[in-house]
Amino acid sequence: MQISVIIPVYNEQENLVKRLSFLSDQANKFPIEIIVSNSPETSDNSPKICKNFDKVRYLQSEKKGRAAQMNFAASKAKGAVFLFLHADVQLPEDFYNQVKTSISIGNKAGFFAYKFDKNSFLLNVNSKFTTKDGFFAGGGDQCQFFTKEVFKSLNGYNEDFCIMEDFEMIDRVRKCKVRYSIIQSKAIASARKYKNNSWLKVNLINGYVFFKYKLGVHPIKLRKMYKSLLRESV
């Protein structure tokens, strides 16, 4: 079973080197396709970095935004399963076998639990919530994956969402009663948001913006709200 790992990027050259080194090593062991989908507004050296890895397919997305970049890459992907990875998230060593097992027992979608790259009691509390399904489960840092057939049947990510596209997608997965799993082998997410903002502030902002999303606030307004409140660009 071939898995297409799709990485949407926008000026993420430092993280990209780390991700591609790991994934290229895994692609030597398993049938893994690696696709980097870059924003048309990029201004860093991501294209040059990708050329250093012969296992990597570099694509210049026709439209900006994570949802559009992921959809564009998925339209070119060859794998039976699409796994969407943020550039600042590290997949676990056994991710290929974990996804393969999940699909083999009947799941058509899923995502990973995660821990942070910084060890602290409060961040560990956050991580604990990613191991279970619930109101906030399934966001992009949890490395969503779908069979090609299910992804196409859902018409991919909603490109109207410049933020929260991952939660909107999982909401549709649940609504359509697609069987999915939460893989307990943990990914490692970046704690960089917490370096310039307190744990309490980040969680209050995340909760507030998520609540507004559930109330149907337009994604552009959500993005402006998020960027104005948090010292971290989306």
Side-chain angles (χ1 to χ4, degrees), residues 7-12 14-16 18-19 39 65-67 69-70 83-92 95 98 109-146 157-158 160-175 180-234:
I7 311 172
V9 297
Y10 174 68
N11 295 342
E12 286 278 6
E14 292 183 12
N15 286 316
L16 197 54
K18 300 173 187 176
R19 297 297 84 80
S39 168
R66 269 202 307 254
Q69 290 170 230
M70 291 188 290
L83 190 159
F84 298 93
L85 176 67
H86 288 184
D88 61 352
V89 177
Q90 173 68 47
L91 286 165
F95 81 90
Q98 290 286 348
F111 43 89
F112 287 73
Y114 68 75
K115 59 184 176 181
F116 286 97
D117 58 4
K118 178 182 178 182
N119 187 30
S120 77
F121 173 77
L122 291 175
L123 290 177
N124 290 341
V125 170
N126 281 25
S127 299
K128 188 68 176 177
F129 282 100
T130 71
T131 65
K132 305 180 186 301
D133 205 2
F135 203 56
F136 298 103
D141 282 349
Q142 293 196 245
C143 313
Q144 296 174 350
F145 62 89
F146 312 89
Y157 289 96
N158 187 335
D160 290 336
F161 281 76
C162 52
I163 188 174
M164 308 295 286
E165 77 287 336
D166 38 20
F167 287 106
E168 193 277 337
M169 182 63 145
I170 290 299
D171 283 346
R172 282 188 283 132
V173 165
R174 294 186 178 108
K175 184 177 180 180
Y180 64 93
S181 65
I182 303 175
I183 292 178
Q184 298 301 308
S185 186
K186 292 182 178 180
I188 302 175
S190 171
R192 61 184 177 181
K193 291 178 184 176
Y194 298 87
K195 293 178 181 179
N196 296 321
N197 304 272
S198 70
W199 177 88
L200 181 60
K201 182 179 179 180
V202 172
N203 283 284
L204 287 175
I205 292 170
N206 286 345
Y208 178 70
V209 173
F210 186 84
F211 178 68
K212 289 292 186 179
Y213 154 71
K214 286 293 187 180
L215 290 177
V217 174
H218 195 280
I220 292 178
K221 290 184 177 179
L222 289 176
R223 183 184 173 92
K224 288 180 179 178
M225 187 185 307
Y226 187 84
K227 292 182 72 174
S228 69
L229 294 171
L230 195 71
R231 279 187 261 172
E232 171 82 13
S233 60
V234 179

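Only heavy atoms go into these numbers, but all of them, side chains included; no hydrogens, no water, no symmetry mates. Here the structure is a predicted model, which is why all the values come from computation and not from measurement.
No donor-acceptor contact under 3.5 angstrom links the side chains of Gln90 and Tyr114, judged on distance only. Tyr213 and Asp171 share a side-chain donor-acceptor pair at under 3.5 Å. Judged purely by distance below 3.5 Å, without hydrogens or angles, the side chains of Tyr180 and Asp133 pair a donor atom with an acceptor atom.
Residues Asn124 and Lys115 fail the side-chain proximity criterion, which asks for heavy atoms closer than 4.5 Å. Phe112 is listed as a side-chain neighbour of Leu91, based on a closest heavy-atom distance under 4.5 Å. Two residues are said to be in side-chain contact when any heavy atoms from C-beta on lie closer than 4.5 Å; Ile183 and Phe95 fail this criterion. Residues Ile188 and Phe116 fail the side-chain proximity criterion, which asks for heavy atoms closer than 4.5 Å. The shortest distance between side-chain heavy atoms of Phe161 and Pro219 falls below 4.5 Å. Contact of the Phe84 side chain with the Cys143 side chain is not registered, since no non-hydrogen atoms from C-beta on lie closer than 4.5 Å. Side-chain contact between Leu83 and Leu85 is present, with at least one heavy-atom pair separated by less than 4.5 Å. Side-chain contact between Tyr194 and Asn203 is present, with at least one heavy-atom pair separated by less than 4.5 Å.
Without hydrogens or angle criteria, Gln142 side chain to Ala137 main chain gives no donor-acceptor distance under 3.5 Å. Judged by distance alone, with hydrogens and angles left aside, the side-chain atoms of Ser190 form a donor-acceptor pair with the main-chain N or O of Arg192 at under 3.5 Å.
No more than 12 heavy atoms of other residues, nucleotides or ligands shown are found within 6.0 angstrom of NZ on Lys128. Counted within 6.0 Å of CG on Leu122, heavy atoms from surrounding residues, nucleotides or ligands total more than 12; the atom is thus considered enclosed.
Scanning both residues, Ala87 and Asn15, for their nearest heavy atoms gives O-CB, 3.1 Å. Summarising the geometry of Ala191 relative to Asp117, their closest heavy-atom pair is N-OD1, 3.0 Å, with the distance given to 0.1 Å. Taking both residues in full, the closest heavy atoms of Val209 and Met225 are given as CG2-SD, 4.4 Å, listed atom of the first, atom of the second, then distance. Of all the heavy atoms in Gly139 and Asp166, the pair that sits closest is C-OD2, 3.7 Å. The two atoms that bring Pro8 and Met70 nearest to each other are CG-CG, 3.7 Å, heavy atoms only.
A distance of 9.5 Å separates CG in Asn206 from CG in Asn197, rounded to the nearest 0.5 Å. If you take CD on Gln184 and NZ on Lys186, they are separated by 7.5 Å, rounding to the nearest 0.5 Å. Summarising the geometry, atom NZ belonging to Lys193 is positioned 14.5 Å from atom CH2 belonging to Trp199; distances are rounded to the nearest 0.5 Å. In this structure, the separation between CG on Asn158 and CE on Met169 is 9.5 Å, given to the nearest 0.5 Å.
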Yes or no on side chain to side chain contact (heavy atoms under 4.5 Å, CB included) for Ile182 and Phe111, after CA distance, side-chain angles and deciding distance?
CA-CA 5 Å; Ile182 303 175; Phe111 43 89; 3.4 Å; yes
Determine, stepwise, if the pair Asp141 / His86 fulfils side chain to side chain contact (heavy atoms under 4.5 Å, CB included).
CA-CA 6 Å; Asp141 282 349; His86 288 184; 3.1 Å; yes
For Leu230 and Val202, what are the C-alpha separation, side-chain angles and deciding distance, and is it a side chain to side chain contact (heavy atoms under 4.5 Å, CB included)?
CA-CA 7 Å; Leu230 195 71; Val202 172; 3.9 Å; yes
Could you walk me through whether Tyr208 and Leu204 pass the side chain to side chain contact (heavy atoms under 4.5 Å, CB included) test, one step at a time?
CA-CA 6 Å; Tyr208 178 70; Leu204 287 175; over 6 Å; no
Determine, step by step, whether Arg223 and Glu165 satisfy the salt bridge (Lys or Arg N to Asp or Glu O under 4.0 Å) criterion, reporting the C-alpha distance in whole Å, the side-chain angles of both residues, the deciding distance to 0.1 Å, and the verdict.
CA-CA 11 Å; Arg223 183 184 173 92; Glu165 77 287 336; over 6 Å; no
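Evaluated for a side-chain hydrogen bond (donor to acceptor under 3.5 Å, both in side chains) with Tyr157, the options Gln69, Arg66, Gln144, Glu168 yield exactly one hit, Gln144.
Checked against the 6.0 Å centroid criterion, the rings of Phe136 and Phe129 do not qualify as a close aromatic pair.
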